[in-house]
Participant: 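Dropping a structure here in structure tokens format, bear with me for questions.
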Number of protein chains: 2
Amino acid sequence: MNSVPTNPPGEGAGSSASPSFRPLYQQIKALITQSLQSGEWKPGELMPSEVELAARFKVSQGTVRKAIDELAAENLVVRRQGKGTFVATHHEERAHFRFLRLMPDEGVPHHPDNRIIEVKRIRAPAEVVRLLELKSGDAVVYIKRVQSFDGAPTILEELWLPGQIFKGLTAERLVEYKGPMYGLFESEFGTRMIRATEKIRAVGADTVAAQYLGVPEGTPLLCADRVSFTYGDRPVELRRGLYSTAQHHYQNELS
Amino acid sequence: MNSVPTNPPGEGAGSSASPSFRPLYQQIKALITQSLQSGEWKPGELMPSEVELAARFKVSQGTVRKAIDELAAENLVVRRQGKGTFVATHHEERAHFRFLRLMPDEGVPHHPDNRIIEVKRIRAPAEVVRLLELKSGDAVVYIKRVQSFDGAPTILEELWLPGQIFKGLTAERLVEYKGPMYGLFESEFGTRMIRATEKIRAVGADTVAAQYLGVPEGTPLLCADRVSFTYGDRPVELRRGLYSTAQHHYQNELS
DNA sequence: AAGTGGTCTAGACCACTTT
DNA sequence: AAGTGGTCTAGACCACTTC
């Protein structure tokens, strides 16, 4: 059972000292995030109601509300009127396309077919050590795969995952698992991706890429370097995707 | 002076009929947006305080607050504690990089040098008619320019703007205007871009692009097709950018 | 009918800025 | 001191879902 959060010295409600002031609702938000991270409520599960949380943290329902509002805006939880608040999960239609921005030029988006090319454990290359904040010499799981839409190979991807976290991740488990990879990571390895950054460039297909994607060598491809983060902004995935943009495009909203 | 918004039949506060229910704060938000669109408060200006708006619309301050909260989240207004709420403008540092996602691989981003290549009025091509929702035969202003970073030409851009709105937009005005183009559009043509969608592909540099960007023909380039919208989701700009990604990348956040 | 999130209000006080 | 946005509370009622 958690107890009352406190501002510097101050009492109950809106009173607090000036320096290092932190709103109550942000403290509540941090406490809820901790519970999400620790797995007290698991992805897909129903969370305690706002009234219950207000009682538990000894604050008003409005304060809990504001905390949850922000968590919902960050896609950590999902609110459903009349039902309750649920922990977000990658096992949902709506989540599948949050990290897959490649859309068909015509027609509706649908799920790709995956073909695993290679899975192995290696010592993390220097670049991977840096981006995933590992220690030199740490092991990583390396994955290489091709994704096809309507039978046309479109994405060639390489992934690097911390070996520490993804112990026991084998080609077999990847192949037999149905659904998005982030769903597997969430369910089987307790690691939920909540945010990512991508750097995108145009490159020419090298021999290997040309072969896997079935295009001539030198064909312009989109190259997306992604770093994904879990709770606490810890980087836990590095991914390099090569996208064939003959019949697809990378869709982005500027707002 | 605006008057009280009303839900179907219901009275003042939270009472309303079930069908076609629309929260009060969304109605207030719509009214405020109208005032923004009509120019009652101009970009960069101070808006009436929450208390004033609450009185004007005859609702509680909390309801106005929630309306403004959403407008701030959509970057239509900017709140500043102790000072007030201001109409957002493209004449600010913070706004400059909201629509410019190309970042240097190393070092800090800075503003490009613009070189206007061509400005002319033409009949809108079919594709432009479609995307800008014009009538066949309507005139558009066509602009072609190159942007350089540190003296290196990096972006070759073509723009198509509705001739109706952008009357009198000449090469001279573009050249003499200092600052971001969206600032010019906002100040001189009363059209504020508030949102855009981009479709990104990898293409090979054609002869023209190769020449302007100083790269060999066939060099892979990022091609970004942008449609920008003003109030009411009206499309008012079409832009095709070719980005040289030798020393830059397109930065994106997935969240 | 009971429980959930969603809206609306009224009032208090805090943090920040300007006068 | 006065005005602004920001936080917090308490209570009422609404819309939606489930029992």
Side-chain angles (χ1 to χ4, degrees), chain A residues 4-30 32 41 45-73 77-88, chain B residues 4-30 32 41 45-73 77-88:
Chain A
V4 197
T6 56
N7 255 334
E11 312 120 60
S15 68
S16 65
S18 187
S20 79
F21 162 73
R22 193 145 173 249
L24 236 193
Y25 77 88
Q26 283 190 19
Q27 301 178 39
I28 303 299
K29 180 184 169 189
I32 296 176
W41 316 304
E45 280 183 12
L46 179 63
M47 286 173 44
S49 73
E50 295 177 354
V51 176
E52 283 177 277
L53 289 172
R56 164 163 162 180
F57 297 129
K58 298 203 173 63
V59 299
S60 79
Q61 185 182 348
T63 299
V64 169
R65 236 189 121 58
K66 179 135 188 177
I68 296 182
D69 277 346
E70 291 202 350
L71 294 172
V77 303
V78 176
R79 321 188 77 144
R80 288 186 210 170
Q81 191 175 31
K83 300 174 106 172
T85 304
F86 297 78
V87 183
Chain B
V4 197
T6 56
N7 254 334
E11 314 120 59
S15 68
S16 66
S18 186
S20 79
F21 162 74
R22 190 140 175 254
L24 236 193
Y25 77 89
Q26 283 191 20
Q27 302 177 41
I28 303 299
K29 181 185 169 190
I32 296 176
W41 316 304
E45 280 183 11
L46 178 64
M47 285 174 44
S49 74
E50 294 177 353
V51 176
E52 284 177 275
L53 290 172
R56 164 163 161 180
F57 297 129
K58 298 204 173 63
V59 298
S60 79
Q61 186 182 349
T63 299
V64 170
R65 237 190 120 59
K66 179 136 189 178
I68 295 181
D69 277 346
E70 292 203 351
L71 293 173
V77 302
V78 177
R79 323 187 75 143
R80 289 187 208 166
Q81 192 175 30
K83 300 173 104 171
T85 303
F86 297 78
V87 183

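Throughout, a chain's letter reflects where its sequence line sits, starting with A, and its residues are numbered from 1.
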Participant: Quick one: does B:Ile32's side chain get under 4.5 Å of B:Val77's, heavy atoms only?
Facilitator: no
Participant: Which heavy-atom pair separates A:Ala30 from A:Arg22 by the least distance, and what is that distance?
Facilitator: CB-NH2, 4.1 Å
Participant: Among C:dC16, C:dT9, D:dC16, find the nucleotide with the atom closest to the side chain of B:Leu24.
Facilitator: C:dT9
Participant: In whole Å, I'd like the distance from the CZ atom of A:Phe21 to the P atom of D:dG6.
Facilitator: 12 Å
Participant: Return the 5'-most residue of the pair A:Gly62, A:Gln81 with respect to DNA chain D, ranking by each residue's nearest nucleotide.
Facilitator: A:Gly62
Participant: So B:Arg80, base contact, sugar-phosphate only, or nothing? Heavy-atom distance under 4.0 Å.
Facilitator: sugar-phosphate
Participant: Could you give the CD1-to-P distance, from B:Ile28 to C:dT7, as a whole number of Å?
Facilitator: 14 Å
Participant: Without decimals, in angstroms, what is the distance between B:Arg79 CZ and C:dC16 P?
Facilitator: 16 Å
Participant: Are B:Leu53 and B:Ile68 packed together at the side-chain level, in the sense that at least one heavy-atom pair is separated by less than 4.5 angstrom?
Facilitator: yes
Participant: What's the CD-P distance between B:Glu70 and C:dT7, to the nearest Å?
Facilitator: 8 Å
Participant: Measure the distance from CZ on A:Phe86 to P on C:dT4 and round it to the nearest whole Å.
Facilitator: 12 Å
Participant: Output yes when at least one side-chain N/O atom of A:Thr63 is less than 4.0 Å from OP1 or OP2 of D:dT7, else no.
Facilitator: no
Participant: For B:Ser49 and D:dG3, is the shortest distance between a side-chain N/O and OP1 or OP2 below 4.0 Å?
Facilitator: no
Participant: For A:Arg65 and C:dG6, is the shortest distance between a side-chain N/O and OP1 or OP2 below 4.0 Å?
Facilitator: yes
Participant: Could you check how far CG of A:Asp69 sits from P of D:dG6, rounded to whole Å?
Facilitator: 15 Å
Participant: Using OP1 and OP2 only, check whether a side-chain N or O of A:Lys66 sits under 4.0 Å from D:dT7.
Facilitator: yes
Participant: Only pairs with both distances under 3.5 Å count, Watson-Crick or wobble alike; so what is the partner of C:dA12 in this structure?
Facilitator: D:dT7
Participant: How long is the gap from CZ on B:Arg65 to CD1 on B:Ile28, to the nearest 0.5 Å?
Facilitator: 15.0 Å
Participant: Do the side-chain N or O atoms of A:Ser60 get closer than 4.0 angstrom to the phosphate oxygens (OP1, OP2) of D:dC8?
Facilitator: no
Participant: Which distance, rounded to the nearest 0.5 Å, do you find between the OH of B:Tyr25 and the CG of B:Asp69?
Facilitator: 10.0 Å
Participant: May I ask you to verify if any side-chain N or O of A:Lys83 is less than 4.0 angstrom from the OP1 or OP2 atom of C:dG3?
Facilitator: no
Participant: Report the distance from atom CD of B:Gln27 to atom C1' of C:dT7, rounded to the nearest whole Å.
Facilitator: 12 Å
Participant: Of all the nucleotides listed (D:dC8, C:dT4, C:dC8), which has the minimum atom distance to the side chain of B:Pro23?
Facilitator: C:dC8
Participant: Take atom CD of A:Gln61 and atom C1' of D:dT7, then tell me their distance rounded to the nearest Å.
Facilitator: 16 Å
Participant: Using every non-hydrogen atom in the two residues, find where A:Val59 and A:Leu24 come nearest and quote the distance to one decimal.
Facilitator: CG1-CD1, 3.8 Å
Participant: Name the residue closer to the 5' end of DNA chain C, choosing between A:Gly84 and B:Gly82 according to the nucleotide with the nearest heavy atom.
Facilitator: A:Gly84
Participant: Could you check which nucleotide pairs with C:dT17 in any of the strands shown, counting Watson-Crick or G-U wobble with both distances under 3.5 Å?
Facilitator: D:dA2
